[in-house]
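Working notes, beginning with the structure itself.
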Amino acid sequence: MAIKGVIFDLDGVITDTAEFHYRAWQDLGEKIGITFDRAFNENLKGISRMDSLNLILEHGNKADDYSDAEKEALATDKNDDYKTLIEEITPTDILPGIQTFLDACIAKGMKLALASASKNGPAILDRLELTDYFEVTVDPASLKNGKPDPEIFLKAAKLLHLEPFECIGVEDAEAGIKSINAAGMFSVGVGSPESMKEADIFVENTQELDLEKIINKYKKMR
């Protein structure tokens, strides 16, 4: 049994746009009278825009203050702000070790997919000049459920024409690791031992990603 596909999250794995998201959400929070800090912002990582907005509204005790249409408008407002901020991204923002890891995957003949909750994934890959590495990018607008539901990773495997057990998923968020595991894939986590405790294998930063070590652990577990 061999790994044939590698499915990547974007934020915190390929590049770090978390700061841009944080700034955009904070700007929106100020407009609607809700303040939050970086600790609360950790709850927004790896989940969809609307789920993030709902958490912020609950945090500010304003969950019932907006209609669905008004929430859509707020989310769009945040995204417009975010898209302006990410215009600053260049290939120098690829996280350490990721270019080498992508090259190693391609050298092994693996198919690559992007499974990000961000609807801006394709635009960010373009700015990083990494688009050609990825055979498919899952459109989060086509999904019914966000992470930790496995739908996004199952969709990625299907688009790659692979079975879930032939794929590994790379994530930096607990919700993402849960999503990979629920999809029946081998999970690779990037983060602290505490946050990545459910991952099949983890590293503390992207520079430590080692394809041969991952393959060996995959073989032992399968």
Side-chain angles (χ1 to χ4, degrees), residues 7-60 62-63 66 70-96 98 114-131 134 137-143 145-149 151-153 156 169-180 189-192 195-196 205-206:
I7 304 170
F8 292 82
D9 179 40
L10 177 65
D11 294 337
V13 174
I14 294 173
T15 190
D16 190 0
T17 62
E19 183 65 21
F20 299 113
H21 279 295
Y22 178 58
R23 283 161 58 185
W25 280 126
Q26 276 215 315
D27 288 345
L28 181 70
E30 286 179 15
K31 291 176 185 175
I32 60 177
I34 298 175
T35 59
F36 59 91
D37 57 17
R38 291 181 184 276
F40 175 81
N41 189 62
E42 290 296 308
N43 298 311
L44 310 182
K45 290 185 176 180
I47 64 174
S48 72
R49 192 182 308 156
M50 291 307 299
D51 287 344
S52 294
L53 175 61
N54 285 326
L55 282 179
I56 291 169
L57 293 176
E58 287 174 16
H59 179 70
K62 295 190 176 186
Y66 299 92
E70 288 170 330
K71 288 181 182 179
E72 287 286 351
L74 289 174
T76 298
D77 195 17
K78 178 266 176 182
N79 192 50
D80 288 342
D81 188 10
Y82 172 73
K83 285 193 288 188
T84 300
L85 292 170
I86 63 172
E87 287 177 7
E88 303 170 19
I89 291 177
T90 71
T92 61
D93 293 304
I94 298 170
L95 287 173
I98 287 299
L114 187 73
S116 169
S118 172
K119 295 177 182 177
N120 300 297
I124 293 171
L125 287 183
D126 279 345
R127 293 192 177 282
L128 296 172
E129 299 178 7
L130 293 178
T131 300
F134 292 84
T137 298
V138 179
D139 178 6
S142 70
L143 306 173
N145 304 298
K147 301 171 187 177
D149 188 276
E151 184 180 10
I152 192 168
F153 283 96
V170 187
E171 268 279 1
D172 77 315
E174 287 184 65
I177 293 297
K178 290 179 185 294
S179 179
I180 296 167
V190 179
S192 67
S195 63
M196 294 292 108
N205 60 72
T206 53

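Quantities reported herein were computed from a predicted structural model and do not represent experimental measurements.
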For Tyr82, does the six-membered ring have the charged nitrogen or CZ of Lys78 within the cation-pi criterion, i.e. under 6.0 angstrom from the centroid and within 45° of the normal? yes

When you measure from the side chain of Ser179 to the backbone N and O of Asp149, does any donor-acceptor pair fall under 3.5 Å? yes

Roughly how far, to the nearest 0.5 Å, is NZ of Lys147 from CG of Asp51? 12.0 Å

If you measure only the distance, is there a donor-acceptor pair under 3.5 Å linking the side chains of Asp93 and Thr15? no

Output the distance between atom CG (Leu128) and atom CD1 (Ile124), rounded to the nearest 0.5 Å. 7.5 Å

Going from CG on Asp37 to CD on Glu42, what distance comes out if it is rounded to the nearest 0.5 angstrom? 10.0 Å

Do you know which two heavy atoms are closest between Val170 and Val190, and how far apart they sit? CG1-CG2, 4.3 Å

Mind running side chain to side chain contact (heavy atoms under 4.5 Å, CB included) on Leu95 and Ile14 for me, showing each step along the way? CA-CA 6 Å; Leu95 287 173; Ile14 294 173; over 6 Å; no

What I want to find out is whether Glu88 reaches Arg127 closely enough, with some N-O distance under 4.0 Å, to be called a salt bridge. no

Using atom types as modelled and distance alone, determine if a side-chain donor or acceptor of Ser142 lies under 3.5 Å from a backbone N or O of Val138. no

Between Asp139 and Lys119, does any side-chain N to carboxylate O distance fall below 4.0 Å? no

Between Asp81 and Trp25, does the side chain to side chain contact (heavy atoms under 4.5 Å, CB included) criterion hold? Intermediate values first, please. CA-CA 9 Å; Asp81 188 10; Trp25 280 126; over 6 Å; no

Those residues that, when tested against Gln26, pass side chain to side chain donor-acceptor pair (under 3.5 Å) (two or more places apart): Tyr22

Nearest heavy-atom neighbours spanning Leu44 and Phe36: CD1-CE1, 4.5 Å

Could you go step by step and tell me if Asp77 and Lys31 meet the side chain to side chain contact (heavy atoms under 4.5 Å, CB included) rule? CA-CA 10 Å; Asp77 195 17; Lys31 291 176 185 175; 3.3 Å; yes

Residues that Asn145 engages under side chain to side chain donor-acceptor pair (under 3.5 Å), provided they are two or more places apart: none

Could you pull out the closest heavy-atom pair between Ser195 and Glu174, with the gap in Å? O-CG, 3.0 Å

In Å and rounded to the nearest 0.5 Å, what is the CG to CD1 distance from Leu130 to Ile98? 9.0 Å

If we ignore angles and hydrogens, is there a donor and acceptor under 3.5 Å between the side chains of Thr92 and Thr90? yes

Nearest 0.5 angstrom please: Glu19 CD to Thr17 OG1, how far? 10.5 Å

Gap separating the CD1 atom of Ile7 from the CD atom of Glu171, nearest 0.5 angstrom: 10.5 Å

Donor on one side chain, acceptor on other, Thr76 and Asn79, under 3.5 Å: no

Heavy-atom donor-acceptor pair, Asn43 side chain to Phe40 backbone, under 3.5 Å: yes

For a side chain to side chain contact (heavy atoms under 4.5 Å, CB included) check, start with the C-alpha distance between Lys71 and Leu57, then their side-chain angles and the critical distance, and finish with the verdict. CA-CA 10 Å; Lys71 288 181 182 179; Leu57 293 176; 3.8 Å; yes

Mind listing the closest non-hydrogen atom pair of Ala75 and Met50 along with its distance? CB-SD, 3.5 Å

Exercise: identify the closest heavy-atom pair between Arg49 and Asn120: NH2-ND2, 4.2 Å

If you take all heavy atoms of Lys178 and Pro148, which pair is closest and at what distance? CB-CB, 3.7 Å

Quick check: do Asn54 and Tyr66 have side-chain heavy atoms less than 4.5 Å from each other? no

Would you call Phe20 and Ile89 a side-chain contact if the rule is heavy atoms closer than 4.5 Å? yes

